[in-house]
*Asks:* 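Encoded as structure tokens, here's the structure I'll be asking about.
Because the structure is a prediction, the values reported are computed rather than measured. In what follows, chains are A, B, ... by sequence order, proteins preceding strands, each numbered from 1.
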2 protein chains.
Amino acid sequence: MKEQRYSQQRERIYQVVQASREHPTAQMVYDALRPELPKLSLGTVYRNLQQMAAEGRLTQLDGPVARFDAMLAPHTHLCCASCGQVVDGVLPYDAALDRTAVAEGWTITGHSLIFTGICPACAGK
Amino acid sequence: MKEQRYSQQRERIYQVVQASREHPTAQMVYDALRPELPKLSLGTVYRNLQQMAAEGRLTQLDGPVARFDAMLAPHTHLCCASCGQVVDGVLPYDAALDRTAVAEGWTITGHSLIFTGICPACAGK
DNA sequence: GTAGCTGCAAACCTTTTGCGCGAAC
DNA sequence: GTTCGCGCAAAAGGTTTGCAGCTAC
């Protein structure tokens with residue numbers, strides 16, 4: 001395992017993901033930081049998000065474009081089919097499911113429960 | 001709504017997705033059809049998969065690369081974290097969840113339950 | 001004859017990567 | 001001083017799109 005050094009950029013990227021409630025994409029993080037770090041590179045954002053996801057410091061949400069979540073406690077998500085926004089769900093994550101889902105030979109490490117629907121903003125269009 | 005015409009390509013694309021149990025990607029469908037339809041274009045595969053997904057004739061599975069499923073009955077999926085393969089899960093889909101998950105102002109249309117783990121093939125590496 | 005669909009190729013967007021310089025230790 | 005991280009730019013997927021010709025109706 002490689003030694004990891006402090007970097008201002010990584011800390012700010014993490015803070016942006018943590019402060020946001022919208023599970024930002026790499027591009028969103030980049031845009032959010034551009035005003036204060038004008039020299040920031042999008043490649044750096046990707047590198048750090050991926051690194052923190054690998055460490056388990058962030059969770060990566062699959063989708064057409066990857067989103068990141070700093071809330072590590074398992075929970076569910078709601079995804080709007082119209083605008084693509086993702087918000088946290090109210091239903092708790094049921095870890096017991098992982099035990100009942102075992103299939104022949106598989107080792108289950110977790111699950112993701114994503115509800116699809118229309119968000120309030122898009123419903124009124 | 002636009003009128004839709006029959007096309008040999010679309011039918012074969014659908015049949016490939018339906019016949020496969022691996023939830024193929026566009027590229028996989030393309031490769032599968034190349035021998036019999038050498039002039040087939042990857043763009044045509046994408047266009048038709050997307051069109052059938054929009055119609056509800058296929059389901060699109062999110063991920064780093066999009067996969068398609070012709071099994072419309074709700075069910076769960078197992079995704080291998082190592083090789084990325086997706087297989088159908090044994091646990092039935094619980095439609096009742098959609099009613100309990102309602103958040104302020106949202107209209108829920110369905111949900112996706114994806115288990116992550118290691119498949120038998122990758123476990124033995 | 002009139003749309004719709006195809007094949008082809010270019011464009012797009014997201015994500016990854018190679019490299020030389022600057023920063024952390 | 002050594003190693004790691006950054007910024008930059010190019011490359012690498014995956015997916016979409018414009019267009020001219022062919023096809024279903």
Side-chain angles (χ1 to χ4, degrees), chain A residues 1-17 22-55 57-69 79 81 83-86, chain B residues 1-17 22-55 57-69 79 81 83-86:
Chain A
M1 173 91 60
K2 217 184 285 186
E3 186 194 337
Q4 180 167 318
R5 295 186 184 169
Y6 171 86
S7 111
Q8 155 100 7
Q9 288 89 334
R10 186 179 315 118
E11 285 321 299
R12 292 297 296 125
I13 289 167
Y14 176 74
Q15 287 165 18
V16 166
V17 175
E22 51 184 355
H23 313 82
T25 63
Q27 185 70 55
M28 289 160 87
V29 173
Y30 178 63
D31 292 341
L33 289 176
R34 218 120 96 105
E36 78 180 82
L37 298 173
K39 311 258 306 189
L40 180 65
S41 155
L42 189 52
T44 297
V45 176
Y46 274 101
R47 251 186 303 238
N48 281 297
L49 286 172
Q50 187 186 279
Q51 179 185 317
M52 289 190 283
E55 273 173 51
R57 193 172 170 193
L58 293 179
T59 303
Q60 179 167 354
L61 308 181
D62 273 344
V65 312
R67 287 170 171 268
F68 293 85
D69 192 347
C79 176
C83 67
Q85 81 160 291
V86 178
Chain B
M1 173 92 58
K2 214 185 285 186
E3 184 194 339
Q4 179 168 318
R5 295 184 183 170
Y6 170 86
S7 111
Q8 155 99 5
Q9 288 88 333
R10 180 159 45 242
E11 285 321 300
R12 292 297 295 123
I13 289 167
Y14 177 74
Q15 287 164 18
V16 166
V17 175
E22 49 184 358
H23 313 83
T25 63
Q27 184 71 56
M28 288 159 87
V29 173
Y30 177 64
D31 291 342
L33 289 175
R34 217 120 97 105
E36 77 180 81
L37 299 172
K39 311 258 305 187
L40 180 65
S41 153
L42 188 52
T44 297
V45 176
Y46 274 102
R47 252 186 304 237
N48 281 298
L49 286 173
Q50 186 186 280
Q51 179 184 317
M52 289 190 283
E55 274 172 48
R57 192 172 170 194
L58 292 179
T59 302
Q60 179 166 355
L61 309 181
D62 274 344
V65 313
R67 286 169 172 269
F68 294 85
D69 192 348
C79 176
C83 67
Q85 81 159 291
V86 178

*Asks:* Tell me the interatomic distance from Met28(A), atom CE, to dC13(C), atom C1', rounded to whole angstroms.
*Replies:* 16 Å
*Asks:* May I have the distance from Leu61(A) (atom CG) to dT15(C) (atom C1'), rounded to whole angstrom?
*Replies:* 17 Å
*Asks:* With respect to the phosphate group of dG7(C), does any side-chain polar atom (N or O) of Gln9(B) fall under 4.0 Å of OP1 or OP2?
*Replies:* yes
*Asks:* Counting any heavy atom closer than 4.0 Å, what does Ala66(B) reach on the DNA or RNA strands: base, sugar-phosphate only, or nothing?
*Replies:* sugar-phosphate
*Asks:* Which whole-number value in Å describes the distance from Leu37(B) CG to dC8(C) C1'?
*Replies:* 16 Å
*Asks:* Going by side chain to side chain donor-acceptor pair (under 3.5 Å), name the residues that satisfy it together with Gln85(B), two or more places apart in sequence or in a different chain.
*Replies:* none
*Asks:* Tell me the bend of the helix from dG1(C)-dC25(D) to dC25(C)-dG1(D) as the angle between end helix axes, each from five pairs, rounded to the nearest 10 degrees.
*Replies:* 30°
*Asks:* Is any side-chain heavy atom of Leu49(A) closer than 4.5 Å to a side-chain heavy atom of Val17(A)?
*Replies:* yes
*Asks:* How close do Ile13(B) and Val45(B) get, heavy atom to heavy atom, and via which atoms?
*Replies:* CD1-CA, 3.7 Å
*Asks:* What residues form a side-chain contact (heavy atoms from CB on, under 4.5 Å) with Ala66(A), not counting sequence neighbours?
*Replies:* Gln60(A), Phe68(A)
*Asks:* With sequence neighbours excluded, give me every side-chain hydrogen bond (donor to acceptor under 3.5 Å, both in side chains) pair touching residues 26-35 of chain B.
*Replies:* Gln27(B)-Asp31(B), Tyr30(B)-Arg34(B)
*Asks:* Kindly write out the residues that satisfy side chain to side chain donor-acceptor pair (under 3.5 Å) with Glu22(A), not counting sequence neighbours, or none if the list is empty.
*Replies:* none
*Asks:* Using the salt bridge (charged side-chain N to carboxylate O under 4.0 Å, His left out) rule, collect all pairs that involve residues 5-17 of chain B, keeping only residues at least two apart or in two chains.
*Replies:* Glu11(B)-Arg57(B), Arg12(B)-Glu36(B)
*Asks:* Residues two or more places apart in sequence or in another chain: which of them pass side-chain contact (heavy atoms from CB on, under 4.5 Å) with Thr59(B)?
*Replies:* Leu61(B), Asp69(B), Leu72(B)
*Asks:* Locate the shortest heavy-atom distance separating Arg67(B) from Val86(B); write the atom from each residue and the value.
*Replies:* CD-CG2, 3.6 Å
*Asks:* If I take atom CD in residue Gln27(A) and atom P in nucleotide dT16(C), what distance separates them, rounded to the nearest angstrom?
*Replies:* 14 Å
*Asks:* Could you tell me how far apart Glu11(B) (CD) and dT6(C) (P) are, to the nearest whole angstrom?
*Replies:* 11 Å
*Asks:* Could you list where the contact with chain B starts and ends along DNA chain D, reading 5' to 3', using a 4.0 Å heavy-atom cut-off?
*Replies:* dG14(D) to dC25(D)
*Asks:* How many Å lie between CD on Glu3(B) and C1' on dA3(C), as a whole number?
*Replies:* 7 Å
*Asks:* Would you compute the distance between atom CD of Gln51(A) and atom CG of Leu58(A) and round it to the nearest 0.5 angstrom?
*Replies:* 10.5 Å
*Asks:* Residues in side chain to side chain donor-acceptor pair (under 3.5 Å) with Tyr46(B), at least two apart?
*Replies:* none
*Asks:* Could you state the CG-P distance from Asp31(A) to dC13(C), rounded to the nearest angstrom?
*Replies:* 13 Å
*Asks:* Between residues 43-53 of chain A and DNA chain D, which residues have a heavy-atom gap below 4.0 Å?
*Replies:* Thr44(A), Arg47(A), Asn48(A)
